[in-house]
There are 2 protein chains.
Amino acid sequence: MKFTLPKCETCGIRDKSLFCMCKQEEVEHVSQMKTCNMYRKSQIVFHENAMPIGLYCIYEGSVKISKLNSNGREQIMRIAGPGDFLGYRSLIAHRPYTDTAVAIEDATICLVPKSEFFNVMQNNKKFYEALLQMICKDADEMETKLGNIAYKPVRGRIAEALVLLAGKNQFEKKEDKTYINLTREDLASLVGTVKETAIRTISEFKDENLIEIDKRRIRILDFDKLLYISSLYD
Amino acid sequence: MKFTLPKCETCGIRDKSLFCMCKQEEVEHVSQMKTCNMYRKSQIVFHENAMPIGLYCIYEGSVKISKLNSNGREQIMRIAGPGDFLGYRSLIAHRPYTDTAVAIEDATICLVPKSEFFNVMQNNKKFYEALLQMICKDADEMETKLGNIAYKPVRGRIAEALVLLAGKNQFEKKEDKTYINLTREDLASLVGTVKETAIRTISEFKDENLIEIDKRRIRILDFDKLLYISSLYD
DNA sequence: CGCTACATTGAATCGAGTCAACACGCGTGG
DNA sequence: CCACGCGTGTTGACTCGATTCAATGTAGCG
């Protein structure tokens, strides 16, 4: 696997990440200290119960963060893309990961050593605050998701997931069109249902011309209508 | 409503709250600045979308934190009791509350002004860190709850809720016995189901001698069995 | 005493999960 | 170049847990 090691200084998605709070010299230092890895599709980035050794920052590709329950069922918490941090909560709390992170597309992910991360955190007040805010936002999002899963029927949850996924632009693009590139199984786990039900709902949406499907990948045609379906149960 | 204004210096549940990280002089200052209010059952402490004006800290009684969706359905996020903080995430993020807090028993709740809270936060590193950890823990708990609601059947979710509620000791005690004092409706909202289903499940548990019921209040008889039922689907 | 809020029970209905069969595309190895 | 297998996607039929609707019971309070 040959590729140019991405440098934080010139990283195009840095201003989308928390490191946009950092001064030039900090960024350079982080860049020196960090390592970088490529992950193939379905390769594990980190595993539930493992101790964090640093902060993962996605450069390219997408990752699913999920929990496995004893019935072998997977609950996907979120899909992370370029610029997103992984596992920072566990890192900050000095605790083992509560989730597993797996690449769902080939991905390039940088790893900032724990000590370097804490350095920045201690020395850069703005960064610290932004981090705090991010965690608050995380928790809020999770709360919303919690309310959804409890009361929205599958149709509404899938509509919402599609809108959110398309909005975040986490997947590779093709001729300027955003395609959602998740297996039906992963989409199902993300909204808390099973593959078959997810497939049926997607077929419905296709029949209603809300989405189109190109080689399994989903593209949204009618954003507003999906948003409406999603909000029916808010 | 006459009562002695509780002082932080002598507050019995302070060491259960985050203020246990504070030095004596800090505590005294907070105590001077704070106000205190009594809330009757079903009275609103703060409302979704309102801007936080300070940090609420429960002295006595219990409070439900919930979201209302447009169908009029309520999703209870958590039940808070003595020593618990309310709405700190919104306060920290300088954003409107995302939930509504309502007293479910008569409650005494102190309010630390925003500026004073931020003072402590800025000046006491330990407090800041503990706060960060608390928010991380919150988010983790929410993640767990998310996984649960998606995959555990109602029976398991109710069993779990009962165990957690009893464990937290948030309700008034009676002859040293912990009774859970929630309406069936609230219990239902807490686990994401409807009143009738919650009632049926509770009846089952009663028939199986796992709990007893005294004037609508629930007391756990067989902790382990409930824990087992809850874990069946983890 | 009667009102109101909360609790309970039964019957009907429906959304979603399960099970099973089959289709499709892709890569590997003969 | 084709055959095979494997992972993924699709569809139908059946089942069941949970919600809904409706009726009735019970406790507490003014």
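A note on names: the letters A, B, ... follow the listed sequences, proteins ahead of strands, and every chain is numbered from 1.
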Could you state the atom-to-atom distance from [atom1] of [X] to [atom2] of [N] in whole Å?
X         : N       : atom1 : atom2 : answer
Ile202(A) : dT11(D) : CD1   : P     : 11 Å
Leu182(A) : dG9(D)  : CG    : P     : 10 Å
Asn181(A) : dG9(D)  : CG    : C1'   : 14 Å
Glu204(B) : dT9(C)  : CD    : P     : 12 Å
Phe205(B) : dT8(C)  : CZ    : C1'   : 17 Å
Glu196(A) : dG15(C) : CD    : C1'   : 15 Å
Ile158(A) : dA16(C) : CD1   : C1'   : 12 Å
Arg157(B) : dG17(D) : CZ    : P     : 14 Å

Could you go through Arg89(A) and Asp140(B), starting from their C-alpha distance and side-chain angles, then the distance that decides it, and tell me whether this counts as salt bridge (charged side-chain N to carboxylate O under 4.0 Å, His left out)?
CA-CA 8 Å; Arg89(A) 284 213 311 274; Asp140(B) 284 349; 3.0 Å; yes
Heavy-atom donor-acceptor pair, Glu185(B) side-chain to dC6(C) base, under 3.5 Å:
no
At 4.0 Å (heavy atoms only), tell me whether [X] reaches a base, stays on the sugar-phosphate, or touches nothing.
X         : answer
Thr183(B) : sugar-phosphate
Val194(A) : base
Arg155(B) : nothing

Phosphate oxygens OP1/OP2 of [N]: is one of them under 4.0 Å from a side-chain N or O of [X]?
X         : N       : result
Thr197(A) : dG15(C) : no
Ser203(A) : dT10(D) : no
Arg216(B) : dC6(C)  : no
Arg184(B) : dC6(C)  : no
Arg200(A) : dA16(C) : no

Determine yes or no for a side-chain-to-main-chain donor-acceptor pair under 3.5 angstrom, with Thr201(B) supplying the side chain and Thr197(B) the backbone.
yes
Do we see a donor-acceptor contact under 3.5 Å between the side chains of Asp138(B) and Tyr88(B)?
yes
Using a strict 4.0 Å threshold on nitrogen-to-oxygen distance, state whether Lys67(B) and Asp99(B) make a salt bridge.
yes
Is a salt bridge present between Arg217(B) and Glu105(B), judged by a nitrogen-to-oxygen distance below 4.0 Å?
no
Among the candidates dA18(D), dG28(D), dT8(C), find the nucleotide nearest to the side-chain atoms of Lys195(B).
dT8(C)
